[in-house]
Number of protein chains: 2
Amino acid sequence: MVRPSKKTQIPNLQEAIKETAWRQIAETGAATLSLRAIARELNITAPAIYNYFPDRDALVTALIIDAYTSFGDYQIASRDAKAEDDLVGQLQAIGFAYRQWALDFPQRYELIFGTPIPGYQAPMMEVLPSAARSLSALVSVVEGLRVVNRLNSRGFPSVQPGYEEQFETWKTYAGDYDILSLAVSMLIWSRVHGLVSLEISGNMPPFGVDGAALYQYEIRSNIDQFVKGI
Amino acid sequence: MVRPSKKTQIPNLQEAIKETAWRQIAETGAATLSLRAIARELNITAPAIYNYFPDRDALVTALIIDAYTSFGDYQIASRDAKAEDDLVGQLQAIGFAYRQWALDFPQRYELIFGTPIPGYQAPMMEVLPSAARSLSALVSVVEGLRVVNRLNSRGFPSVQPGYEEQFETWKTYAGDYDILSLAVSMLIWSRVHGLVSLEISGNMPPFGVDGAALYQYEIRSNIDQFVKGI
DNA sequence: CACTGTAAATATACAGTGTTTATTTACAGT
DNA sequence: ACTGTAAATAAACACTGTATATTTACAGTG
């Protein structure tokens, strides 16, 4: 049999491939992702996957975009669960949601922000829309603070000109925010990312340091530093 | 010829293997590290490597330990270049040295703190000595601040009991410091790590945000937050 | 000097990977 | 009914890490 009849075929094979990939990633980690293993599980041959993804990296990119989207949904939902004028509450909620999502889906987190696939480098252009949107929850709150003059950006390094075009592209997907809000957001993001990535990768030695408590302290530090008139 | 005469053999093959590995990592990144490629370059066969390293992971572990040692040397040297009583200066120097080393050897940084090798998980017990030492420069300065009552740890979460044994092991390699100094150091570390890893991995979108300036701002934030009476 | 044991290398093989090419064939549209 | 296309398979290539068996250079000992 060279090609099975349509009855025995899997409908929506593209989705099935991604689902199988996610299942394998959840089980054994992103590092051991294998096209042949996916094909085995779906009872198809490996080259059949190439009808849906030009190569393995394209599949990984699709997975990353899905992960970013799920992550962004979670960030936005956590923000919108707070009252619209409770900017500090929103900032906190986004922060805790960040860690919670990472703990719930450590492999997805690693797939997005780490480099678990050998030789893979995410193509900025393709990933940007979902990535920008996932960060937009945070940026929108920082922008909200800035607009009501509650953003403390004293001493914050000024943003250099020359990248207006890329920033415009970013705004297409994330929303029309001031670049200062983006820059402050990136610093806040780097802080939570630092803690979370250490915790997830097991590089935070277990010396009695409570990850949740330390994270809470860091969220509060961010608020103390960047929010005026608490 | 089954085994070449000693004249044509490479002396100190163990070191030669590691050097070749580093060269390949510097050229094409840690992800594409390959025993067979190393063997090809050294004009030996791949299984010969197994006389010096039980498997690929053992070689990676050896590389990581070397990288930690080099990193630790650099951290300690940058601290000792400042006057012994200039604790804030030392804190700054260590911070800038951290980023500089990472920019100078991005692949080494990724090898230590990322997960570029598929399926590889560093064995804590073997890596701990060099890892603890590399962090000890920072901890020693924080401890110095604590001793002269200049460490601002107000609101810092208390360390939970139950891990005294592991902490004792750590102190064997890093020095006899208070666990509060270690905990504060880990938060500082997570901050610089967050920024540096974003910058190195190219995940910090180039929207005119100057990496060096942002890093300098973050170093200053750490000092403002954790040092009393500047 | 001859002998022997060990250690270090090779040769070979196995199972796995991503990917390419050629081939077959089920299905859709005319 | 015919034909073109798209989707699958089959087979092969070039890799990878690793295990096993074999060979042999060298060191130590009588």
Side-chain angles (χ1 to χ4, degrees), chain A residues 1-18 20-21 24-25 27-64 111 115-123, chain B residues 1-18 20-21 24-25 27-64 111 115-123:
Chain A
M1 179 232 301
V2 172
R3 186 188 169 184
S5 76
K6 204 171 193 184
K7 295 255 161 70
T8 69
Q9 273 183 282
I10 298 156
N12 215 347
L13 193 45
Q14 174 136 10
E15 271 315 304
I17 290 168
K18 287 202 288 185
T20 308
Q24 293 190 359
I25 286 175
E27 278 172 21
T28 59
T32 59
L33 187 70
S34 153
L35 294 185
R36 292 186 117 112
I38 293 169
R40 261 195 307 274
E41 196 167 318
L42 290 172
N43 281 318
I44 60 174
T45 61
I49 298 176
Y50 284 72
N51 287 315
Y52 302 94
F53 302 96
D55 52 19
R56 192 201 49 167
D57 286 6
L59 170 59
V60 174
T61 300
L63 294 175
I64 286 179
L111 188 64
T115 54
I117 310 282
Y120 174 82
Q121 181 82 323
Chain B
M1 180 232 298
V2 172
R3 186 188 171 184
S5 74
K6 205 170 194 182
K7 294 256 160 69
T8 68
Q9 273 182 283
I10 299 156
N12 214 349
L13 193 46
Q14 174 135 9
E15 271 315 304
I17 290 168
K18 287 203 288 186
T20 308
Q24 293 190 358
I25 285 175
E27 279 171 21
T28 58
T32 59
L33 186 69
S34 152
L35 295 185
R36 291 187 117 112
I38 293 170
R40 260 195 307 275
E41 196 166 318
L42 290 172
N43 280 318
I44 60 174
T45 60
I49 298 177
Y50 284 74
N51 287 315
Y52 301 94
F53 301 96
D55 53 19
R56 191 201 50 167
D57 286 5
L59 170 60
V60 174
T61 300
L63 295 174
I64 286 179
L111 188 64
T115 53
I117 310 283
Y120 174 83
Q121 181 81 323

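Values below: all heavy atoms of this structure, side chains included; hydrogens, waters and symmetry mates excluded. Proteins come first, then strands; the chains are lettered A, B, ... in the order of their sequence lines, and each starts at number 1.
- Rounding to whole angstrom units, CD1 of residue I38(A) and P of dT17(C) are separated by 10 Å.
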Would you tabulate the nitrogen or oxygen pairs shorter than 3.5 Å linking the protein to nucleotides 13-16 of chain D?
unit_1  : atom_1 : unit_2 : atom_2 : d
dT16(D) : OP1    : S34(B) : OG     : 3.1
dT16(D) : OP1    : R40(B) : NH2    : 3.2
dT16(D) : OP2    : R40(B) : NH1    : 3.4

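- Residue pairs meeting the salt bridge (charged side-chain N to carboxylate O under 4.0 Å, His left out) criterion with at least one partner in residues 43-52 of chain A, sequence neighbours excluded, do not occur; the list is empty.
- When rounded to the nearest whole Å, the span between CG of N51(B) and P of dA19(D) equals 13 Å.
- For residues 49-64 of chain B, no pair satisfies salt bridge (charged side-chain N to carboxylate O under 4.0 Å, His left out), with sequence neighbours left out.
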Show which side-chain atoms of residues 30-38 of chain B pair as donor or acceptor with protein atoms under 3.5 Å away, not counting sequence neighbours.
unit_1 : atom_1 : unit_2 : atom_2 : d
T32(B) : OG1    : T28(B) : O      : 3.3
T32(B) : OG1    : T28(B) : OG1    : 2.7
T32(B) : OG1    : G29(B) : O      : 3.2
S34(B) : OG     : R36(B) : N      : 3.3
S34(B) : OG     : A37(B) : N      : 3.0

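- The closest side-chain heavy-atom distance from F53(B) to K18(B) is below 4.5 Å.
- The OH atom of Y50(B) sits 19 Å away from the P atom of dT12(C) (whole-angstrom rounding).
- The shortest distance between side-chain heavy atoms of N51(B) and L13(B) does not fall below 4.5 Å.
- Here the shortest heavy-atom pairing between P123(A) and T61(A) reads CD-OG1, 3.5 Å.
- Atom CD in Q14(A) sits about 11 Å away from atom P in dA8(D), given to the nearest Å.
- With rounding to whole Å, D55(A) atom CG is found 17 Å from dT17(C) atom P.
- What separates CG of N43(B) from P of dA9(C) is a distance of 13 Å, to the nearest Å.
- Every stem involving DNA chain C, taken as at least 3 paired positions in a row under the Watson-Crick or G-U wobble test at 3.5 Å, is listed here: C:1-30 with D:1-30.
- Among residues two or more places apart in sequence or in another chain, the side-chain contact (heavy atoms from CB on, under 4.5 Å) test is passed with E41(A) by T20(A), R23(A), Q24(A).
- Of all nucleotides listed (dA11(D), dA8(C), dA11(C)), dA11(C) comes nearest to the side chain of T45(B).
- Side-chain atoms of T45(B) and Y50(B), non-hydrogen and from C-beta on, never get closer than 4.5 Å to each other.
- At a threshold of 4.5 Å between non-hydrogen side-chain atoms, the residues Y52(A) and I17(A) count as touching.
- In this structure, I44(B) atom CD1 and dA11(C) atom P are separated by 12 Å, rounded to whole Å.
- Between I49(A) atom CD1 and dT19(C) atom P the separation is 10 Å, expressed in whole Å.
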